[in-house]
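Right, one structure below, let's go through it.
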Amino acid sequence: MLKFKQIYETLSSMHGPQGWWPLLELHNHKTNKGTNPTKTGSMQGYHPNNYTYPQTERQKFEICLGAILTQNTAWPNVEKALTNLNAIKAIDQKIINEITIELLKELIRPAGYFNQKSIYLKEFTKFFLKLKGNAPSRERLLEVKGIGNETADSILLYAYRQPEFVVDAYTRRIFTNLKIIKEEATYMEIKGLFESNLKKDFKIFQEYHALIVEHAKKYYLKKEDYNRCPLLKQKV
DNA sequence: AACCAGGACGTGA
DNA sequence: TCACGTCATGGT
């Protein structure tokens, strides 16, 4: 199963360094200008070749909010919601905890599913406050309403820099197309495959997932394009 | 103008 | 367990 690492190398050379998770504060920042010109969405907020984020508790919390808001939702919509929150300084555990659910719904409306996501954000924020800066276990995270497998792994990998591989719809789509995983494989089975075939390094896990999303946006939007995926030829 | 996005939950078999 | 309906805005 050398495939997993080779595909990672191929994707990396195809798309370049990704620098996930995108952060609001890095928008229009001089040190980040011009990076990732091919990326969809805002094309900003990423930090390629820099694995030192999050650097503040605020950034850590922002990643968690984004991970919940982006469930089955395109990132530009999430950015609008985060921008709305930021406008009233609400990317802050204490603020989210204090504002009314009605106001919260209004602010995150662009991200969709605002009725349930507002509840999820409130629930997670209470959980986050209780952590007092400590990293949660995956099991405890999953007990929070609104945090499923992928969101838990996203939070652990990008907010807490822990080597938990994130499996999303794109991952399944690409690797079933390459016939490396079977259609019926569960989330945990796919996660296990990646984790057992890669060095347990959060930087590699972060890059790999980001590369999968970037690659899927180029070749896996429409079914007719699946057969255009360059990985079908490079496969060993 | 349908279709779907960096999913998760509740329900009923 | 598991298949299925539900949730909602915004871009293509």
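Letters A, B, ... mirror the listed sequences (proteins, then strands); counts begin at 1.
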By nearest atom, which of the nucleotides [options] is closest to the [X] side chain?
| X | options | result |
| --- | --- | --- |
| N77(A) | dA8(C), dT9(C), dG10(B) | dT9(C) |
| Y113(A) | dC9(B), dT9(C), dA8(C) | dA8(C) |
| K80(A) | dA8(B), dT9(C), dG10(C) | dG10(C) |

Select base, sugar-phosphate, or nothing to describe what [X] touches, counting heavy atoms under 4.0 Å on all strands.
| X | answer |
| --- | --- |
| K117(A) | nothing |
| E150(A) | sugar-phosphate |
| R172(A) | nothing |
| T151(A) | sugar-phosphate |
| L221(A) | nothing |
| D168(A) | sugar-phosphate |
| A67(A) | nothing |

Practice problem: For dA8(B) versus dG10(C), give the span between their P atoms, rounded off to a whole number of Å. | Solution: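 Rounded to whole Å, the distance is 22 Å.
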Quiz item: Expressed in whole Å, how much space separates the P atoms belonging to dA1(B) and dA8(C)?
Solution: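 About 25 Å, rounded to a whole number of Å.
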Nucleotide [N], atom [atom2] - distance to [atom1] of [X] in whole Å:
| X | N | atom1 | atom2 | value |
| --- | --- | --- | --- | --- |
| I119(A) | dG7(B) | CD1 | P | 20 Å |
| I147(A) | dC9(B) | CD1 | P | 8 Å |
| K105(A) | dC7(C) | NZ | P | 13 Å |
| F124(A) | dG7(B) | CZ | P | 18 Å |
| E106(A) | dT9(C) | CD | P | 10 Å |
| Q116(A) | dT11(B) | CD | P | 13 Å |
| K222(A) | dA5(B) | NZ | P | 13 Å |
| E79(A) | dA5(B) | CD | P | 19 Å |

Self-check item: Test item: E207(A) side-chain N/O and G19(A) main-chain N/O as donor-acceptor pair under 3.5 Å
Solution: yes
Quiz item: According to the interplanar angle, ranging from 0 to 90°, do the rings of F61(A) and F124(A) count as parallel (below 30°), tilted (30 to 60°) or perpendicular (above 60°)?
Solution: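 Judged by the thresholds at 30° and 60°, the geometry between F61(A) and F124(A) is parallel.
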Exercise. Using the six-membered ring of F114(A), assess whether NZ or CZ of R109(A) lies under 6.0 Å from its centre and within 45 degrees of the ring axis.
Key: yes
Practice problem: Compute whether any side-chain donor of one residue and acceptor of the other, for D168(A) and T171(A), lie under 3.5 angstrom apart. | Solution: yes
Quiz prompt | Heavy-atom side-chain contact between L69(A) and N77(A) under 4.5 Å | solution =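 Side-chain contact under 4.5 Å: no.
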